[in-house]
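Residue numbers run from 1 in the order of the sequence given. As the structure lists them, so they are numbered: ligands from 1, and atoms in each ligand from 1.
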Amino acid sequence: MRVFNFSAGPAVLPEPVLRQAASEMLDWHGSGMSVMEMSHRGKEFMGIADKAEADLRTLLAIPNNYKVLFLQGGAVAENAIVPMNLLAGKSGAHYVNTGEWSKKSIKEARKYCDVHIAASAEDEHFTYVPAQSAWNVGKDTAYVHVCTNETIGGVEYQWTPDTGRVPLVADMSSHLLSRVIDVSKYGVIYGGAQKNLGPAGLTLVIVRDDLLDRSLAITPSAFHWKEQAEAGSMLNTPPTYAIYIAGLVFEWLLAQGGVPAIEQRNIAKAALLYDFLDRSSFYRSPVRTHDRSRMNVPFKLRDEALDGPFLKGAEAAGMVQLKGHRAVGGMRASIYNAMPIEGVQTLVDYIRAFEQRHA
Ligand SMILES: *Cc1c(COP(=O)(O)O)cnc(C)c1O
């Protein structure tokens, strides 16, 4: 029996995708092979990768002057890969610090460049997104880096920063494809796949063409965006099976009506949970109302001593991975695209009943 899995990542995948992958496991489309066994340069796999890229371009309306790269190393590797690819001729870059993932990006970038903090939400324990009017960005900086959805703190940009001529670089690991975005406002978008796109092992990078000529000479070839773009992301063996599953997720999303349709469902799911939390005095959401994430919903019980019984009861009722990250404490429900509204409704029913028993 499948549970409702509220894990922050690796996370729930659409059940039809898993079923299709299972049915194609031993013999993909009459090839007599599993996708895992195919040469990445053979016509079968090249077709799978091309279709995945084309569908992603459709889903996000990616303009033609952007490359889509299927890489490895996760968003954590990109924390180093971004400065290596963008720093030529510059000494520093600006970072907006909205929480745990921003902090990791900043720490890693410091190995490669002068990091300037454009704005920080540390003063309020990372419970909000600093307004752009409070950002301090130098003109001669290589780029401005943001994390548009802080998976741990549950803080999400509900607006698009405007950094003018300075390239905007965004870690979108945990909300890419959950909402409509205007790709043309960004220089680089990156993310690990295991939150909302597919299995771990695949890193997605979307980069504007004019930014491909800014790398430092030390950039490793496997992480060199221009070299990888010229090689069709096959300078080294790409994570073939993860690309295949992500491709099935993209097909599933298109069948759901694309990103605008899934965004409406995500709004409804998040509202169901936040509205309940706001009406209760037994639970609370620590994040400022208009900066709350639709994907990752941290919440706290008034009495921490009840955290253990809460989690145990949830698991018994078929809901797993609700424990919050240690940096924040309490609970966290990750409700990505593949989490059905029935899962959120089941959670709300459980937390209401738990309150009634313990209040
Ligand atoms: C999960 C996550 C990461 C780390 O991704 P890896 O694939 O483990 O490298 C980085 N940033 C954000 C926002 C994340 O949610």
(message) What I want to check is whether the side chains of T203 and Q72 have a donor and an acceptor closer together than 3.5 Å.
(response) no
Between ligand 1 and the protein, which N/O pairs fall short of 3.5 Å?
| residue | atom | partner | partner atom | Å |
| --- | --- | --- | --- | --- |
| ligand 1 | 7 (O) | Q194 | NE2 | 2.8 |
| ligand 1 | 9 (O) | A75 | N | 3.0 |
| ligand 1 | 9 (O) | V76 | N | 2.8 |
| ligand 1 | 11 (N) | D171 | OD2 | 2.6 |
| ligand 1 | 15 (O) | T151 | OG1 | 2.4 |
| ligand 1 | 15 (O) | K195 | NZ | 2.6 |

(message) Is the terminal nitrogen or CZ of K185 (NZ for Lys, CZ for Arg) located under 6.0 angstrom from the six-membered ring centre of W159 and within 45° of that ring's axis?
(response) no
(message) Within the 3.5 Å criterion, strictly below it, is a donor on R294 or S178 matched to an acceptor on the partner's side chain?
(response) no
(message) Does the plane of the ring in Y283 sit parallel, tilted or perpendicular to the ring in F299? Use 30° and 60° as the thresholds.
(response) perpendicular
(request) Could you note down all residue pairs passing side chain to side chain donor-acceptor pair (under 3.5 Å) where residues 85-100 supplies at least one of them, sequence neighbours left out? (result) K90-D140, H94-T141, Y95-Y143, T98-S102, T98-E150, E100-K103
(message) Please tell me whether N149 and S293 have a donor and an acceptor in their side chains that are separated by less than 3.5 angstrom.
(response) yes
